[in-house]
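Each remark here refers to the structure printed beneath this line.
Residue numbering restarts at 1 for every chain, and letters A, B, ... go by the order of the sequence lines. Note: hydrogens, waters and symmetry copies are ignored here, and every other heavy atom, side chains too, is used. Note that the coordinates shown come from a computational prediction; the quantities given were computed from them, not determined experimentally.
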There are 2 protein chains.
Amino acid sequence: MGRWKPDSRGRLEEAALTLYSQRGFDQTTAAQIASMAGLTERTFFRHFADKREVLFGGSPILRDRIVAAVASAPESAGPLDAVGKGLDAAAALLGEGRRDLARKRFTVIASNPGLHERELAKLAEYAAAIAGVLRLRGVGEPEASMAADAGMTVMRVALQAWADDDERGPELGAVMENALRKLRALR
Amino acid sequence: MGRWKPDSRGRLEEAALTLYSQRGFDQTTAAQIASMAGLTERTFFRHFADKREVLFGGSPILRDRIVAAVASAPESAGPLDAVGKGLDAAAALLGEGRRDLARKRFTVIASNPGLHERELAKLAEYAAAIAGVLRLRGVGEPEASMAADAGMTVMRVALQAWADDDERGPELGAVMENALRKLRALR
DNA sequence: AGCCTGATGGCAGTTACTGACATCAGGAGG
DNA sequence: CCTCCTGATGTCAGTAACTGCCATCAGGCT
């Protein structure tokens, strides 16, 4: 066994979600989270830039998966088609986890404006990355940014509907495809 | 003359933009801003919930104008047409101000992730308000949210292009109309 | 055996914010 | 003219989010 208990980062994430759910975000201090994870406040801030970031630890992975999927779409695919591939990948990754956990996380995020802000920033980061890939595929501006942004809107809307929905509701991928179809039909 | 110099709020906004530009957001304390405006730190936080908010004082006005314009679009107009009306109103209001001031503000916001985050939150707030109006017009979900979000994307992209552009470049309204046309053409 | 590395702890300092209470010019009513 | 009240401001103390700096020390490398 190593010098320390393994996966400090994961323990911090778990403790944070628990405490944010129980006592609320504002009523939870970084020191409390660290303590529950068997660490100190200082170590918390080595793993996460701030109190909010601890809820978004998986963000780079999701971004990379989406970007890879968009990049691997067939040449012939239009911008929205390519973005659709990215949404498939996102649905596959996010759909793996338990829906009740996603719901718990959403509840916490929705209950605090600062956390909501951070989520928007993450979506914007994804969108910027997607737009970059689209440009590499020959899509110009502002089309690339708009297609990417539209895709993240679809993801957000679908994710919300999916989490709100019953445990036996439609799969995340289906929800996203449906939303994307409606976006295209907009006049 | 009143007991205090008038327009504390405006003085705080002006001082903040000046200091954020000169020394940077992180290197500016709320006390410094207040002091430059002839006030105290405590009064700063009575006028603005936090250090970022001072750059977004005009936000409710813009939101209300956009919402009013969307609401007053003809019954026959589709969601994106109605959103287009809102963009016209936004362009009219934002185009009034001096382009160099807008550029200064954008520069500050772009230089700090936290400020960027707040701007995204404001756009999301506008979008939520627009979606509400669209639903009143009989647009369902998720169409209302997606149309509203798309409109805010267009506004953001156009505003950026307009601010980046030369002083004698196209008017803001024209830039937005152009961007909206391109969004509709997306496939 | 000696050295290096990387994750952690300890500690002091700054500053963003908050709550409670004090102040006091000017307006409203007498 | 006097009095009371209101609302914007000031003062002060307190919490907690971060940050920089230095210390520690098991395990791996040479």
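At a threshold of 4.0 Å, the pair B/Glu143-B/Arg135 does not count as salt-bridged, since none of the basic side-chain nitrogens sits closer than that to a carboxylate oxygen.
What separates CD of B/Glu53 from C1' of C/dT18 is a distance of 17 Å, to the nearest Å. Across the protein-nucleic acid pair, A/Arg3 atom CZ and D/dT24 atom C1' stand 6 Å apart, rounded to whole Å. In this structure, B/Gln32 atom CD and C/dC17 atom P are separated by 14 Å, rounded to whole Å. Across the protein-nucleic acid pair, B/Arg9 atom CZ and D/dG7 atom C1' stand 16 Å apart, rounded to whole Å. Going from atom CG of B/Leu12 over to atom C1' of C/dA16 covers 16 Å, rounded to whole Å.
Distance check: B/Leu101 CG to B/Glu14 CD gives 9.5 Å after rounding to the nearest 0.5 Å. Taking NZ from B/Lys104 and OH from B/Tyr20, the interatomic distance works out to 13.5 Å, rounded to the nearest 0.5 Å. Here OG1 of A/Thr18 is found 12.5 Å from CD of A/Gln32. Values are rounded to the nearest 0.5 Å. With rounding to the nearest 0.5 Å, the separation of NZ in A/Lys122 from CG in A/Leu62 is 11.0 Å. To the nearest 0.5 Å, atom CH2 of residue A/Trp162 and atom CD of residue A/Glu171 are 8.0 Å apart. Put simply, CG on B/Asp149 and CE on A/Met152 are 11.5 Å apart, with the number rounded to the nearest 0.5 Å.
Remark: B/His47 is in phosphate contact with D/dT9, judged by side-chain N or O atoms under 4.0 Å from OP1 or OP2. Put simply, A/Ser8 has a side-chain N or O that comes within less than 4.0 Å of OP1 or OP2 on C/dT8.
Of the possible polar contacts, none joining the A/Arg118 side chain to the A/Ile109 backbone as a donor-acceptor pair under 3.5 Å is found.
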Protein-to-nucleotide contact annotation, 5' to 3' order, nucleotides 10-21 of chain D [B base; S sugar-phosphate only; - none; under 4.0 Å, heavy atom]: BBB----SBBBB

Using a cut-off of under 3.5 Å, enumerate the N/O to N/O pairs linking the protein to nucleotides 2-5 of chain C.
none

